[in-house]
Amino acid sequence: MITMKDFIYDGHPLLRTVVNEVKLPLGTEDKETMQKMLAYLRNSQDPKLVKKYKLKEGVGLAAPQIGLNKRIFAVRTEDEQGQLHEYVLANPKLVSHSEALTYLSKGEGCLSVKQDIPGIVPRYDRIKLTGYNIEGDLVEIKAKGYLGIVFQHEIDHLNGKMFYDHIDKNHPLMPPPGAVAIE
């Protein structure tokens, strides 16, 4: 079971590393890692388990955040319509995106960043990505709004980027022109 002791934090060099693709077909170790990452997100969204194990709630988790140099991430969150989405992907790639931008009005947070960092994080409103699921099948996912933001946040982790890298240093609270806020 992944707990907070397994996390690395802002300043660790792996969080600034473009991590390696995993070998296909997926091996037993990578499949177990994928299962554990998704289990962490499920556990972190259960108030009883959060309290019992002192977990920080999360909607996405990338392998570098738990010290692994692997292109794997898990996502578990609801979209704006309340539909639950659960994904765990190996070697994900952002293959296309809209020109339209969006952002979370309250900013973004991260399991690997202990402090709040205020600011607007511009993201693409709609994206399409591909990756390999735990069964080893290539899947294509189209996402928009909040779900799309979560995917982009996790892909950034695989590319050595942090959410605050996208914040305009001179005008951190100014939305990009035309960007739509998600409350």
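When a residue number appears, it is its place in the shown sequence, counting from 1.
With a 6.0 Å radius and a threshold of 12 heavy atoms from other residues, nucleotides or ligands, E135 has its CD atom above the threshold. Counted within 6.0 Å of OH on Y124, heavy atoms from surrounding residues, nucleotides or ligands total 12 or fewer; the atom is thus considered open. With a 6.0 Å radius and a threshold of 12 heavy atoms from other residues, nucleotides or ligands, D116 has its CG atom at or below the threshold.
In this view, Q45 and R76 satisfy the side-chain hydrogen bond (donor to acceptor under 3.5 Å, both in side chains) rule, not counting sequence neighbours.
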Passes side-chain contact (heavy atoms from CB on, under 4.5 Å), K56 versus M4? Steps please.
CA-CA 7 Å; K56 186 175 176 184; M4 297 313 295; 3.7 Å; yes

Evaluation steps, side-chain contact (heavy atoms from CB on, under 4.5 Å), between I66 and I8
CA-CA 6 Å; I66 53 172; I8 62 173; over 6 Å; no

Intermediate values then yes/no, side-chain hydrogen bond (donor to acceptor under 3.5 Å, both in side chains), D10 and Y164
CA-CA 11 Å; D10 201 12; Y164 54 78; 2.6 Å; yes

Show the numbers, then the answer: is there a side-chain contact (heavy atoms from CB on, under 4.5 Å) between K144 and E80?
CA-CA 10 Å; K144 63 181 181 176; E80 291 86 344; 5.9 Å; no

Could you walk me through whether K106 and E183 pass the salt bridge (charged side-chain N to carboxylate O under 4.0 Å, His left out) check?
CA-CA 7 Å; K106 294 180 180 165; E183 298 303 322; over 6 Å; no

side-chain contact (heavy atoms from CB on, under 4.5 Å) between T77 and L147: does it pass, once the steps are laid out?
CA-CA 7 Å; T77 190; L147 182 60; 3.8 Å; yes

E29 vs K70, test: salt bridge (charged side-chain N to carboxylate O under 4.0 Å, His left out). Steps then yes/no.
CA-CA 12 Å; E29 182 181 317; K70 296 183 176 198; 3.3 Å; yes

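Between F151 and Y87, a ring centre-to-centre spacing shorter than 6.0 Å is recorded. Separation of the Y53 and Y40 ring centroids does not fall under the 6.0 Å cut-off.
Heavy atoms only, all atoms of each residue included: P118 and P172 are closest at O-CB, 4.3 Å. The shortest heavy-atom contact between F163 and G109 is CE2-C, 4.1 Å. Residues L89 and G131 come closest through the heavy atom pair CD2-C, 4.1 Å. Across F7 and T3, no two heavy atoms sit closer than the pair CD1-O, 3.5 Å. T17 and P13 get closest at one heavy-atom pair: OG1-O, 2.9 Å. Across all their heavy atoms, C110 and H157 have their closest contact at SG-NE2, 3.4 Å.
Side-chain atoms of K169 come within 3.5 Å of backbone atoms of I167 as a donor-acceptor pair (strictly under, hydrogens ignored). Here the side chain of S98 pairs a donor or acceptor atom with the backbone of R126 at under 3.5 angstrom.
Hydrophobic clustering (ILVMFWY, side-chain heavy atoms < 4.5 Å, transitive): L41 and I155 are in distinct clusters. Both L101 and L94 sit in one connected hydrophobic cluster of ILVMFWY residues. Membership requires side-chain heavy atoms under 4.5 Å apart, directly or through other members. Connection of L24 to M34 is established within a shared hydrophobic cluster, with ILVMFWY side chains joined at heavy-atom distances below 4.5 Å, either directly or through further cluster members. If you chain together hydrophobic residues whose side chains sit under 4.5 Å apart, I72 and L129 never meet in one group. M174 and Y103 are not part of a single hydrophobic cluster, where members link through side-chain heavy atoms under 4.5 Å apart.
E57 and S44 share no donor-acceptor pair across their side chains, judged by distance under 3.5 Å alone. When only modelled atom types and interatomic distance are considered, E78 and H85 share no side-chain donor-acceptor pair under 3.5 Å. Between the side chains of N159 and R71, at least one donor-acceptor pair of N or O atoms lies under 3.5 Å. The closest side-chain donor-acceptor pair between D156 and H166 falls under 3.5 angstrom. Remark: the T130 side chain and the E140 side chain contain no N/O donor-acceptor pair separated by less than 3.5 Å.
Within the 4.5 Å cutoff, the side chain of Y132 has no heavy atoms near those of the V139 side chain.
Taking the charged nitrogens against the carboxylate oxygens, E86 and R42 do have a contact shorter than 4.0 Å, which makes a salt bridge. Salt-bridge annotation for D46 and K52: absent, with no side-chain N of the basic residue lying under 4.0 Å from a carboxylate O of the acidic one. Between E21 and K93, at least one side-chain nitrogen of the basic residue sits less than 4.0 Å from a carboxylate oxygen of the acidic one, meeting the salt-bridge criterion.
For the side chain to side chain contact (heavy atoms under 4.5 Å, CB included) criterion with Y146, the lone passing option out of V59, T102, D79 is V59.
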